[in-house]
Protein chains: 2
Amino acid sequence: MRLVIARCSVDYEGRLKAHLPLATRLLLVKADGSVLVHSDGGSYKPLNWMSPPATLRVIAAEGTQLDEGIVEQWTVQSAKTDDRLIVNIYEQLHDSSHELGIDPGLIKDGVEADLQRLLAEQIETLGPGFTLIRREYATAIGPVDILARDANGGTVAVELKRRGDIDGVEQLTRYLELLNRDPLLAPVRGVFAAQQIKPQARVLATDRGIDCLTLDYDAMRGVDDADSRLF
Amino acid sequence: MRLVIARCSVDYEGRLKAHLPLATRLLLVKADGSVLVHSDGGSYKPLNWMSPPATLRVIAAEGTQLDEGIVEQWTVQSAKTDDRLIVNIYEQLHDSSHELGIDPGLIKDGVEADLQRLLAEQIETLGPGFTLIRREYATAIGPVDILARDANGGTVAVELKRRGDIDGVEQLTRYLELLNRDPLLAPVRGVFAAQQIKPQARVLATDRGIDCLTLDYDAMRGVDDADSRLF
DNA sequence: GAGTACATCTCGATG
DNA sequence: CATCGAGGTGTACTC
């Protein structure tokens, strides 16, 4: 990894064009040839970048470039597409390289998959007498998060989200439409379950006869821990 | 901006929990208190991070931490939420600080807005005899990208995407449903226009009587340039 | 490799 | 403030 602080201007050409006027920025060159251009604020997204795999070619400035104050030009070329990032460097204020090695990677807990596992284990959260048919029930248009049976033996399709948005209701609607064509399953009703359900999504779901269920991940994890302690 | 290369482990707790085992990484501390943890590969997304505004508190290790080899612990606390990032530093291999100033920001060209402008100017791309009613036609549930009239005087709603996905078809379907309730406009038919249309999106659109149109941005830009040269 | 859905999505516009 | 839609989305997973 190479870290350069420089006064520079940056141009990107590829899926779109983008230009960064002259200013002082961090240029981060990774081992795979990718380059990130960061300012001293904003979120984790760089101002501009080149995704790996890419190759960095550095050439000394000459002619009119020198007259404009450019000392060096970087061309970062994507190996797979014809995307290009061109960095004109006017002054280098810092330059250091470091060996980092391969990263073991991130371990996550609390994503949708965890929520799904917990809800499947605690299926009666949906209502008394509910039983799990299966998680990730496969259909032609994608997997239904949870398929269950209610106390009356009716089939219930559950769409699970961390944040319940209109998109999720649309997704569940498509699944329900398909599932209800299957005479062995029909009638199938829907439950839209999320940690937080947006008002518009709730209105749309209710309008389509889909039940909404707000989930408390911490409480469900608490039950899970309590269960684990019993065995 | 502060750049630190360190052997460290990182833990995030907030909307979810995430853990990074001990390894050598870049820690980037921005002026607004945000912190990015980068490895020497992958894309522009950090392994872990804290969004601004945030405050960084550094404390020297003590007791059992020292026994484990930790020399310093960073606590990055979000100012707005209770999200926290904890970095245990085992060894600092580099540490430098730099004044960058405020960045003038990015200038873009070629995003959906440009595509929309071009299609509005070249409305006969939709078919001979088409005329533009207006761009960004406002409805209660959001703006329709382009509203046009076909050769027979029928109203046509166009949903425009760079990448045509199922979401876009759903969006257009909602607009069509609403527009067709307006007796002054009905019947309104739909056109789903994108640089690339995914097969499933095409199937769904066709199933709903929505026409699909694949756009060639470069060709349209070429026409635009040619037009410009004429006047 | 293509397609699909999730994301601590981020980011901007808009009401 | 929330909502909605775009993104050079990235990323993981399935087929």
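Residue numbering restarts at 1 for every chain, and letters A, B, ... go by the order of the sequence lines.
Rounded to whole Å, atom C1' of C:dA5 lies 11 Å from atom CG of A:D167. Look at CG on A:D165: it is 8 Å from P on D:dT3, rounded to the nearest Å. Here the P atom of nucleotide C:dC9 and the CG atom of B:L16 are 8 Å apart, to the nearest Å. To the nearest angstrom, P of D:dA6 lies 16 Å from CD1 of B:I166. Rounded to an integer number of Å, the gap from A:D145 CG to C:dC6 P is 7 Å. Residue B:L47 contributes atom CG, which lies 15 Å from atom C1' of C:dA7 at whole-angstrom precision.
A sub-4.0 Å separation between OP1 or OP2 of C:dC11 and a side-chain N or O of A:K45 is absent. The phosphate of C:dT8 (OP1 or OP2) has no side-chain N or O of B:R84 nearer than 4.0 angstrom. The side chain of A:Q116 places no N or O atom within less than 4.0 Å of a non-bridging phosphate oxygen (OP1 or OP2) of C:dC6. B:R163 has no side-chain polar atom (N or O) that falls below the 4.0 Å cut-off from OP1 or OP2 of D:dG7.
Comparing C:dA7, C:dC9, C:dC11 against the side chain of A:V111 picks out C:dA7 as the nearest. Of the candidates C:dC9, D:dG5, C:dT4, C:dT4 carries the atom nearest the B:K198 side chain, counting heavy atoms from C-beta on. For A:P199, the side-chain atoms get nearest to D:dT3 when compared with the rest of C:dT8, C:dC9, D:dT3. Nearest nucleotide to the side chain of A:S43, out of C:dT10, C:dT8, C:dG3: C:dT10. Taking only side-chain atoms of A:W49, from C-beta outward, the nucleotide of D:dG10, C:dT8, C:dC9 with the closest atom is D:dG10. For B:E112, counting side-chain heavy atoms from C-beta on, the closest listed nucleotide (C:dC9, D:dA6, C:dT10) is D:dA6. Comparing atom distances between the A:S51 side chain and each of D:dG7, D:dG5, D:dG10 picks out D:dG10 as nearest. Closest contact between the side chain of A:R174 and the listed nucleotides C:dC9, D:dA6, C:dA5 involves C:dA5.
Put simply, the side chain of B:N48 never gets that close to the backbone of B:H19: no donor and acceptor are under 3.5 Å apart. Although no hydrogens or angles enter the test, the distance criterion places no donor-acceptor pair under 3.5 Å between the side chain of B:E159 and the main chain of B:Q171.
Across all strands shown, C:dT8 remains unpaired; no Watson-Crick or G-U wobble contact has both distances below 3.5 Å.
Between A:Y44 and C:dT10, no base-stacking contact is recorded for ring centres under 5.5 Å apart and planes less than 30° from parallel.
The environment of CZ in B:R174 is crowded: more than 12 heavy-atom neighbours from other residues, nucleotides or ligands sit within 6.0 Å.
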> Passes side-chain contact (heavy atoms from CB on, under 4.5 Å), B:V111 versus B:D114? Steps please.
Replying inline: CA-CA 6 Å; B:V111 289; B:D114 300 297; 3.6 Å; yes
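At a threshold of 4.0 Å, the pair B:R208-B:E170 counts as salt-bridged, since one of the basic side-chain nitrogens sits closer than that to a carboxylate oxygen.
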